[in-house]
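Comments concern the structure below.
On a predicted model such as this, the values are computed, not experimentally measured, just so you know.
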Amino acid sequence: MNLKMQLLLILFLGCVQFVHAQEFLPQTYPDRVVLTWAEDPKTTQTVTWRTSKEVIESFAEIVLADESPEFPKNTSRLTAKTILNNDGAVQAHYHNVTFTGLLPGKLYAYRVGHGELYTEWFHFRTAASEVEPFSFIYFGDAQNDVKSMWSRVIRQAFIDLPRAAFMLHAGDLINRTNSDKEWGEWHHAGGFIHAMIPSIATPGNHEYFRDDAGTLTVDHHWNATFNFPSNGPCGHKGTVFHTDYQDAKFISLNSQMINLDENSRKIQAEWLDDILAKNDKKWIVITFHHPIYSSKEGRDNPEFREVFKPIFDKYNVDLVLQGHDHTYGRGSNIPMGVNTQSEEATTMYVVSVSGPKMYDLTTDKWMDRAASNTQLYQLITIDGDELHFDAYTATGELYDSFQIIKKAGGKKQIIDKAINWPEKTTLPARYRERYTEEQKAAYNKIYSGGNE
């Protein structure tokens, strides 16, 4: 083979490798390393990773982290549970291990792999045994252009809060159900962050499809990737569950099933009522995908609201974190109108978006603060009787801020720190082009920027 042919062959093989890399195909080397909790965050940690299906047996090694490079001498090794995931196009083995018997509030080092193919050592920290301040990150929909556009959001959030206790994802992590490539983008965007900060995630409509029998079915990657507590109602594995982190209870509801399956709606409502009736934690945070009150024009979820809002009110739920509407909005004292400083505050509802897909804001404004055409992430801190909420734009600009303060007798006060701050309410370009002059006028009665 002459030199020219050799160069052409090298170029061709390089292009093939690049295409394959962008398809995120499984290899014998482990990838897609994600932390979750299947059990108690104080004494356990679950890790999941992926390999090609040729890897039958895989392992996880763990040890208390130490400043000395000699720490691996003391590792314990566990054999992973392995399942075959087949999305119809890509087959891969997903491996998972739950580390148990861990010490609360300690930093651990771990790695995963097999033979000579192991990842680098990652760190994670267990939850404290006593109540102390902690912070977490909340993301609305990533969904579209995840590798190119959502990556900057999760990485900026990590820069701002590298010691986050966990990340909470309010559904629609990807756009096309069972797309291994899109899940590859989600894992790529977070990279090592997913391997060091645990995730709590609730599914959105884009994580669901109807199988050949017409049954609503969660994306094949969901339960292969995430190992959440098995304390939810029967038939809702990995999508309805609760996790206690210190003095806060975090609950995931499956709003896709609530909206489309009347039986599931009833089952989840009864389960939630029972869980909250037994709750002994100070703070209650609930996440699901479809908003109780929509922040996008023309959307509403009345069946969901009619069944679940009375439960939220009954148990004085503190914070509800949602996605789906590709805008930002938050408000309390619903449906009384725009909130003011209140000594008898109710549930604070938040809708947010972290990816690049944008919608128009509703003109039926229930929000105290809103944004359109803006990628955001939220940093939330729980410290004793106070919850601090800060929303940031993708460029790290503080956009919204409020506090919830617990008072005697179960009362709460909300302190709105963003009163009179300018709002980012410019219509996305496709809506500026689509709106009639009458629609723009109606929009501008509520928000500025409709004609910008």
Original post:
Between T177 and Y208, is there a donor-acceptor pair closer than 3.5 Å when you use the side chain of the first and the backbone of the second?
Top reply: yes
**OP:** Run the numbers on Y328 and T374 for side chain to side chain contact (heavy atoms under 4.5 Å, CB included), then give the verdict.
**Re:** CA-CA 8 Å; Y328 179 82; T374 305; over 6 Å; no
**OP:** Kindly say whether T347 contributes a backbone atom to a donor-acceptor pair with the side chain of S332 at under 3.5 angstrom?
**Re:** yes
Subject >> Partners passing side-chain hydrogen bond (donor to acceptor under 3.5 Å, both in side chains) against E39 (at least two apart in sequence or in another chain) >> reply: none
**OP:** Not counting sequence neighbours, which residues clear side-chain hydrogen bond (donor to acceptor under 3.5 Å, both in side chains) with S135? List them please.
**Re:** T381
Original post:
Hey, is D87 close enough to K181 for a salt bridge, meaning N to O under 4.0 Å?
Top reply: no
**OP:** Give a yes or no on this: more than 12 heavy atoms of other residues, nucleotides or ligands lie within 6.0 Å of atom CD of E130.
**Re:** no
Subject >> Y392 and D160: side chain donor to acceptor below 3.5 Å >> reply: no
Subject >> Ring-face cation of R434 near Y431 (centre distance under 6.0 Å, axis angle within 45°) >> reply: yes
Original post:
Taking R111 for the side chain and E61 for the main chain, is one N or O donor matched with an acceptor at less than 3.5 Å?
Top reply: no
**OP:** Could you list all the salt bridge (charged side-chain N to carboxylate O under 4.0 Å, His left out) pairs where at least one residue sits in residues 313-329, not counting sequence neighbours?
**Re:** D273-K314, R299-D325, K309-D313, D318-K406, D318-K412
**OP:** Quick one: pull up OH in Y138 and OG in S352 and give me the separation to the nearest 0.5 Å.
**Re:** 5.0 Å
**OP:** Could you grab the distance from atom CG of D274 to atom CH2 of W271, nearest 0.5 Å is fine?
**Re:** 9.5 Å
Original post:
Are P26 and D31 side-chain neighbours, meaning at least one heavy-atom pair lies under 4.5 Å?
Top reply: no
**OP:** To the nearest 0.5 angstrom, please state how far the OH atom of Y443 sits from the OG1 atom of T425.
**Re:** 5.0 Å
Subject >> Donor-acceptor contact below 3.5 Å, side chain E207 vs main chain D219 >> reply: no
**OP:** Any chance you could lay out the salt bridge (Lys or Arg N to Asp or Glu O under 4.0 Å) test for R430 and D360, step after step, and finish with the verdict?
**Re:** CA-CA 9 Å; R430 62 183 173 132; D360 54 341; over 6 Å; no
Original post:
Sequence neighbours excluded, which residues qualify as ring pair (Phe, Tyr, Trp, His ring centres under 6.0 Å) partners of W37?
Top reply: F166, Y245
Original post:
Would you find a donor on one side and an acceptor on the other, under 3.5 Å apart, between the side chain of H123 and the backbone of Y108?
Top reply: no
Original post:
According to the salt bridge (charged side-chain N to carboxylate O under 4.0 Å, His left out) rule, which pairs have a member within residues 245-264, sequence neighbours left out?
Top reply: D244-K249
**OP:** Could you tell me whether the side chains of T48 and N227 share a donor-acceptor contact shorter than 3.5 Å?
**Re:** yes
Original post:
Does the ring of Y399 carry R369 above it, NZ/CZ under 6.0 angstrom from centre and within 45° of its axis?
Top reply: yes
Subject >> Of F288, W283, F136, F241, the residue whose pairing with F250 passes ring pair (Phe, Tyr, Trp, His ring centres under 6.0 Å) >> reply: F136
Original post:
side-chain hydrogen bond (donor to acceptor under 3.5 Å, both in side chains) with H290: which residues, sequence neighbours excluded?
Top reply: S255, Q256
Subject >> Beyond-backbone contact of N279 with Y315, side-chain heavy atoms, under 4.5 angstrom >> reply: no
**OP:** Determine the minimum heavy-atom distance between H95 and A80, stating which atoms define it.
**Re:** CB-CB, 3.7 Å
Original post:
Do you know which two heavy atoms are closest between V146 and E185, and how far apart they sit?
Top reply: N-OE1, 3.3 Å
**OP:** Look at the side chain of R125 and the backbone N and O of A165, then say whether any donor-acceptor pair between them is shorter than 3.5 Å.
**Re:** no
Subject >> Spatial distance of atom CD1 (I286) from atom OH (Y349) [nearest 0.5 Å] >> reply: 8.5 Å
Subject >> Check: P203 main-chain N/O paired with W222 side-chain donor or acceptor under 3.5 Å >> reply: no
Subject >> Point-to-point distance, once rounded to the nearest 0.5 Å, from CG of L272 to OG of S252 >> reply: 11.0 Å
Subject >> Validation row: I62, F124 side chains within 4.5 angstrom (heavy atoms) >> reply: yes
Subject >> Nearest heavy atoms of G190 and I154, plus distance in Å >> reply: CA-CD1, 3.8 Å
Subject >> Residue list, side-chain hydrogen bond (donor to acceptor under 3.5 Å, both in side chains) with T363, at least two apart or on another chain >> reply: E297
Original post:
Does Q403 use its side chain to pair, donor to acceptor, with the backbone of I414 at less than 3.5 Å?
Top reply: no
Original post:
If we ignore angles and hydrogens, is there a donor and acceptor under 3.5 Å between the side chains of T98 and T44?
Top reply: no
Subject >> Q143 and H326 side chains, donor-acceptor separation under 3.5 Å >> reply: yes
**OP:** For E397, check side chain to side chain contact (heavy atoms under 4.5 Å, CB included) against everything at least two apart and list the hits.
**Re:** T393, T395, K424
**OP:** Look only at the side chain of T225 and the backbone of H221, and say whether a donor-acceptor pair between them is shorter than 3.5 Å.
**Re:** yes
Original post:
Taking atom CG of L173 and atom OG of S199, what is their separation to the nearest 0.5 Å?
Top reply: 8.0 Å
Original post:
Looking only at heavy atoms, which two atoms of G355 and Q375 are closest? And how far apart?
Top reply: O-CG, 3.1 Å
Original post:
What orientation do F226 and F228 show, parallel under 30°, tilted 30 to 60°, or perpendicular over 60°?
Top reply: parallel
**OP:** Using ring pair (Phe, Tyr, Trp, His ring centres under 6.0 Å) as the criterion, list what pairs up with F402, not counting sequence neighbours.
**Re:** F389
Subject >> Y293 vs D364 side-chain heavy atoms within contact, under 4.5 Å >> reply: no
Original post:
Can you check whether L376's main-chain N or O pairs, donor with acceptor, with S354's side chain at less than 3.5 Å?
Top reply: no
Subject >> Listed partners of H236 passing ring pair (Phe, Tyr, Trp, His ring centres under 6.0 Å), at least two apart >> reply: none
Subject >> Results of ring pair (Phe, Tyr, Trp, His ring centres under 6.0 Å) for H388 - residues two or more places apart only >> reply: none
**OP:** Compare every heavy atom of F134 with every heavy atom of A248, then report the nearest pair and how far apart it is.
**Re:** CB-CZ, 4.1 Å
**OP:** Just grab all the salt bridge (charged side-chain N to carboxylate O under 4.0 Å, His left out) pairs involving residues 162-177, residues at least two apart or on different chains.
**Re:** R176-E182
Original post:
How about S294 and D300: does a side-chain donor come under 3.5 Å of a side-chain acceptor?
Top reply: no
Original post:
Hey, are the side chains of V47 and Q45 touching, using non-hydrogen atoms and a 4.5 Å cut-off?
Top reply: no
Original post:
Does a side-chain N-to-carboxylate-O contact under 4.0 Å join D141 and K357?
Top reply: no
Original post:
Is the F139 ring parallel, tilted or perpendicular to the W150 ring (thresholds 30°, 60°)?
Top reply: perpendicular
Subject >> Contact check, side chains of M348 and L387, non-hydrogen atoms, under 4.5 Å >> reply: no
Original post:
With respect to H194, which candidate in W186, F122, W49, F158 satisfies the ring pair (Phe, Tyr, Trp, His ring centres under 6.0 Å) definition?
Top reply: W186
